[in-house]
Every structure is written in C-alpha cells, then in structure tokens.
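For reference, the structure is listed below as structure tokens.
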Amino acid sequence: MIYIQIKDSYRANAFLLLVKSGFPVVCLPGKRYGVREEHLKILRRKRIPFKKLNASKIPMPEPTLAL
C-alpha cells in the first residue's frame, strides 16, 4: 500500500476517480489515503498533484468495538 496526500483543491475529483477505479482505497485521518500503484497511474494521467508519504510515519487508527 502506498500512502498519499492530495491537495485540497483537487481532493474531491481525485477521490471520485480513485473510487471509480474499482480498487479499494483506504481513507485515513489527516486527509491521507492508502492507494495502489494503479491509483497513482490514474492520478498522473489526469495530472492531479499528490504527495507520497513515508508509510513508517503514518499513525494507523486504533480499531473500535461495535456497540
């Protein structure tokens, strides 16, 4: 999994493209997304700027119990 951040002005369109790709997208706090290499190809093709993040520095959310 590759973690990215997308600029605010592009985020809505980018997220729609990612979801329509058919591959799962992981949404994380702090406007971060876990994507696959296929997603990066789509974003590059559509010229949507993104920033790759260091996976070891991203805190993963703790699971919660269902009530």
Side-chain angles (χ1 to χ4, degrees):
M1 179 115 346
I2 302 164
Y3 297 97
I4 62 170
Q5 228 174 4
I6 302 169
K7 288 187 173 188
D8 289 339
S9 57
Y10 294 94
R11 200 169 55 234
N13 290 334
F15 186 70
L16 186 60
L17 286 171
L18 296 176
V19 171
K20 284 185 171 183
S21 72
F23 298 107
V25 178
V26 178
C27 298
L28 298 168
K31 304 173 189 174
R32 297 180 205 135
Y33 302 96
V35 297
R36 298 173 57 164
E37 189 64 39
E38 291 84 359
H39 291 123
L40 299 182
K41 290 177 187 176
I42 293 168
L43 294 176
R44 286 184 186 119
R45 192 175 337 126
K46 296 292 185 175
R47 297 179 188 230
I48 295 176
F50 61 90
K51 176 182 164 186
K52 282 189 180 181
L53 303 172
N54 187 347
S56 64
K57 293 185 179 181
I58 296 178
M60 291 293 144
E62 294 294 322
T64 57
L65 296 174
L67 297 176

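- In terms of heavy-atom proximity, Tyr3 sits nearest to Gly34 at CD2-CA, 3.7 Å.
- The distance from atom CG of Asp8 to atom NZ of Lys31, rounded to the nearest 0.5 Å, is 4.0 Å.
- Looking at Gln5, its side chain does come within 3.5 Å of a backbone N or O of Gly30 through a donor-acceptor pair.
- Under the 4.5 Å side-chain criterion, counting only non-hydrogen atoms from C-beta, Leu18 is not in contact with Ile48.
- In terms of heavy atoms, Ile6 sits closest to Pro49 at CG2-O, 3.9 Å.
- For the atom pair Tyr33 OH and Leu43 CG, the distance stands at 11.0 Å (nearest 0.5 Å).
- Residues Ile2 and Arg36 come closest through the heavy atom pair CD1-C, 4.3 Å.
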**Report entry** Audit row: Phe50, Tyr10, side-chain contact (heavy atoms from CB on, under 4.5 Å) steps and yes/no
**Finding:** CA-CA 9 Å; Phe50 61 90; Tyr10 294 94; over 6 Å; no
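- Between Ile58 atom CD1 and Leu53 atom CG the span is 4.5 Å, to the nearest 0.5 Å.
- Under a hydrophobic-cluster definition in which Ile, Leu, Val, Met, Phe, Trp and Tyr are linked whenever side-chain heavy atoms come within less than 4.5 Å, directly or via other members, Leu28 and Val35 are assigned to different clusters.
- Between Glu37 and Arg44 there is a salt bridge, since at least one side-chain N of the basic residue sits less than 4.0 Å from a carboxylate O of the acidic one.
- Nearest heavy-atom pair across His39 and Pro24 is CE1-O, 3.4 Å.
- In plain terms, the two heavy atoms of Val19 and Val25 that are nearest each other are N-CG2, 4.4 Å.
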